[in-house]
Colleague: 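Below are the structure tokens for one structure; questions will follow.
FYI, the numbering just counts along the sequence from 1. Nothing here was measured: the structure is a model prediction, and the numbers come from that model.
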Amino acid sequence: MASASPMSPAGTPVAFALSRQQAERVTGGRWIGTVSDVRLRGAASDSRQVRKGCLFACLPGARVDGHDFAAGAVAQGAALILAAKALPGIAPQAAPVLIVADVALALAALAAELRRGLDAMAWIGVTGSNGKTTVKELIAAACSAVGSVHATLGNLNNHLGVPLTVLNTAVDAKFAVVEMGANHAGEIAQLAAIASPSIGVISSLGPAHLEGFGSLEGVARAKSELFAALPPGATAILGVAGLDMVAARHGTSMAKLLAPVRDAAAGRRLVLVGGNECPVDGAVEDDAIVLRTPEGEARLPLLGAHNLANAAVAYQAALAAGVPGARALAGMARVLPVGGRLAARRAGAHVILDDTYNANPGSMMAGLQVLASRPGLRLAVLGGMGELGPDAAHGHRLVGTEAARLGLPLIAVGARGGEILDGYRSAGGADGVLVATREDAVAAAMAKLAAGPTTVLVKASRSSGLEAVVEGLIASITGGSRGGAC
């Protein structure tokens, strides 16, 4: 199957004793088999990830159906099969089959049941418009300085990834850091009900997934569902660095954006990182950031002022989880850039800033500001952003306007690239071109690179596929080598 299941790098998943009666009560399903109870260790939705004793969830995929892999999962040692239909190929004595109306909902219910027995750990929920994966990695690094950490692998942060993350919680974990993504109101509340975080972190508020949230105020309300799910007295952390400018660009105010946040966080300790009471302190260097705190400082191999703000948010989360400040800084200093998220890759005399994993206007502008701070020749290769709804044209033009304001040469790619170029030219940008395809973008960029060593930012939503431009540039520059990290 195509999907992957998060298996904790820390080791063996915690044991989950599940009886027939408990399983049927929690899921509303029907237990088929002669075994009356099982002792589960972990869960998988990909038969290639099945380990002895785990639960296998038969989820339908884009190309395959998990039910077709159930018998193979049993042969590999799966102790329980979660399915939406009868599986005659599995002998009753081999492994019980729990037949439910909706496998994904039942998986979530079982994860929530396991989570209720794991209150001895610190559970940290992380969401946000920009930077949530980086913040998740930074929190995990900070907490790892004092104990084992179980964290979301990659970006498995949706209605399937969160339950699998919880069910695969490592037996020796002292901290769990669970990333939560959403593109519609109500989704964060559902994910938080599964993971039951004791600390909530919103990395930032920005114009992401406006198609589903409707407005920037809608984003603030939806993300704040995480804070509403926290227990009374818990710590709720929000990154607000630059939020006033984001609000102004979208015709609202920071006060209006913070109103639903404050309502959701009522009865909790709200920390606004980047505000007057908790400012972001540090420095942005050419190839790193330096976070300064009262307990010391840490130099991290990340780029840009936005990542300095992310680091400050993560630091506060680690403190809330009981990690001493100096230890948290030491752990964070060991973090590495997340692939496809403003990762610098050297190719010959040039540096490619690969920021192709995803994009919205806020992250686009952050990437452009990093590019503008680099010495020497610079070039922005930008493509379309998805899920912006009615504000899509405006958001793309804003990005072009920012590129022009920063004086950056621009190659805009694809249909949405035309809107970026319109904003660029309207703001006085004089060195911009529109190309139709990724191959055309590589050719146009290579012509620019002939002028000398250049830093190239390549950024768009994943749907634009500009990772192919990154690889095409590196191959063209190096003669086929993959290049190296800076």
Colleague: For residues 315-334, which side-chain N or O atoms pair as donor and acceptor with protein atoms under 3.5 Å away, sequence neighbours left out?
Modeller:
unit_1: Tyr315; atom_1: OH; unit_2: Thr293; atom_2: OG1; d: 3.4
unit_1: Tyr315; atom_1: OH; unit_2: Glu295; atom_2: OE1; d: 2.4
unit_1: Arg327; atom_1: NH2; unit_2: Ala145; atom_2: O; d: 2.5

Colleague: Looking only at atom types and distance, does a side-chain atom of Ser461 sit under 3.5 Å from a main-chain N or O of Ala359, one as donor and one as acceptor?
Modeller: yes
Colleague: Checking Cys54 against Gln76 for the side chain to side chain contact (heavy atoms under 4.5 Å, CB included) test, could you report, in this order, the C-alpha distance in whole Å, the side-chain angles of both residues, the deciding distance, and whether it holds?
Modeller: CA-CA 10 Å; Cys54 84; Gln76 290 172 234; over 6 Å; no
Colleague: Kindly compute the distance separating CD1 (Ile139) from OG (Ser144), expressed to the nearest 0.5 Å.
Modeller: 12.0 Å
Colleague: For a side chain to side chain contact (heavy atoms under 4.5 Å, CB included) with Val97, tell me which candidate from Leu80, Leu82, Val74, Ile90 qualifies.
Modeller: Ile90
Colleague: Passes side chain to side chain contact (heavy atoms under 4.5 Å, CB included), Arg416 versus Met385? Steps please.
Modeller: CA-CA 8 Å; Arg416 287 296 188 186; Met385 300 172 284; over 6 Å; no
Colleague: Looking at Arg438 and Glu467, is there a salt bridge between them, counting it only when a charged N and a carboxylate O are closer than 4.0 Å?
Modeller: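 No.
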Colleague: Side chains of residues 14-25: which donor-acceptor pairs under 3.5 Å do they make with residues two or more places apart or in other chains?
Modeller:
unit_1: Ser19; atom_1: OG; unit_2: Gln22; atom_2: N; d: 3.0
unit_1: Arg20; atom_1: NH2; unit_2: Gly33; atom_2: O; d: 3.3
unit_1: Gln22; atom_1: NE2; unit_2: Glu113; atom_2: OE2; d: 2.8
unit_1: Glu24; atom_1: OE2; unit_2: Trp31; atom_2: N; d: 2.9
unit_1: Arg25; atom_1: NH2; unit_2: Glu113; atom_2: OE2; d: 3.3

Colleague: Report all side-chain donor-acceptor pairs from residues 187-203 shorter than 3.5 Å, counting only partners two or more places apart or in another chain.
Modeller:
unit_1: Glu187; atom_1: OE1; unit_2: Asn183; atom_2: N; d: 2.7
unit_1: Glu187; atom_1: OE1; unit_2: His184; atom_2: N; d: 3.0
unit_1: Ser198; atom_1: OG; unit_2: Trp123; atom_2: N; d: 3.1
unit_1: Ser198; atom_1: OG; unit_2: Trp123; atom_2: O; d: 3.0
unit_1: Ser203; atom_1: OG; unit_2: Thr127; atom_2: O; d: 3.4
unit_1: Ser203; atom_1: OG; unit_2: Asn130; atom_2: O; d: 2.6

Colleague: Could you measure the distance from the CD atom of Glu471 to the CG atom of Leu466? Nearest 0.5 Å is fine.
Modeller: 12.0 Å
Colleague: Which heavy atom of Val370 sits nearest to which heavy atom of Gly304, and what is that distance?
Modeller: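 Distance-wise, the nearest heavy atoms are CG2-CA, 3.4 Å.
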Colleague: Could you tell me if Glu179 and Thr133 have a donor-acceptor pair between their side chains, going purely by distance under 3.5 Å?
Modeller: yes
Colleague: Given side chain to side chain contact (heavy atoms under 4.5 Å, CB included), test Val458 with Asp354 step by step and report yes or no.
Modeller: CA-CA 6 Å; Val458 185; Asp354 179 1; 5.7 Å; no
Colleague: With distance as the sole test, does Lys459 use its side chain to make a donor-acceptor pair with the main-chain N or O of Arg341 at under 3.5 Å?
Modeller: no
Colleague: Before giving the answer on side chain to side chain contact (heavy atoms under 4.5 Å, CB included), spell out for Leu238 and Phe227 the whole-Å C-alpha distance, their side-chain angles and the decisive distance to 0.1 Å.
Modeller: CA-CA 10 Å; Leu238 169 65; Phe227 291 171; 4.3 Å; yes
Colleague: Nearest 0.5 Å, what's the CZ-CG distance between Arg345 and Leu353?
Modeller: 11.5 Å
Colleague: Roughly how far, to the nearest 0.5 Å, is the OG atom of Ser45 from the CZ atom of Phe56?
Modeller: 7.0 Å
Colleague: With distance as the sole test, does His67 use its side chain to make a donor-acceptor pair with the main-chain N or O of Ala84 at under 3.5 Å?
Modeller: yes
Colleague: Any chance you could measure Leu114, atom CG, to Leu55, atom CG, to the nearest 0.5 Å?
Modeller: 11.0 Å
Colleague: For Arg462, I'd like to know if atom CZ has over 12 heavy atoms of other residues, nucleotides or ligands within 6.0 Å.
Modeller: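 Counting other residues, nucleotides and ligands, CZ of Arg462 exceeds 12 neighbours.
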Colleague: Got a second to check how far Lys256's NZ is from Glu217's CD, nearest 0.5 Å?
Modeller: 6.5 Å
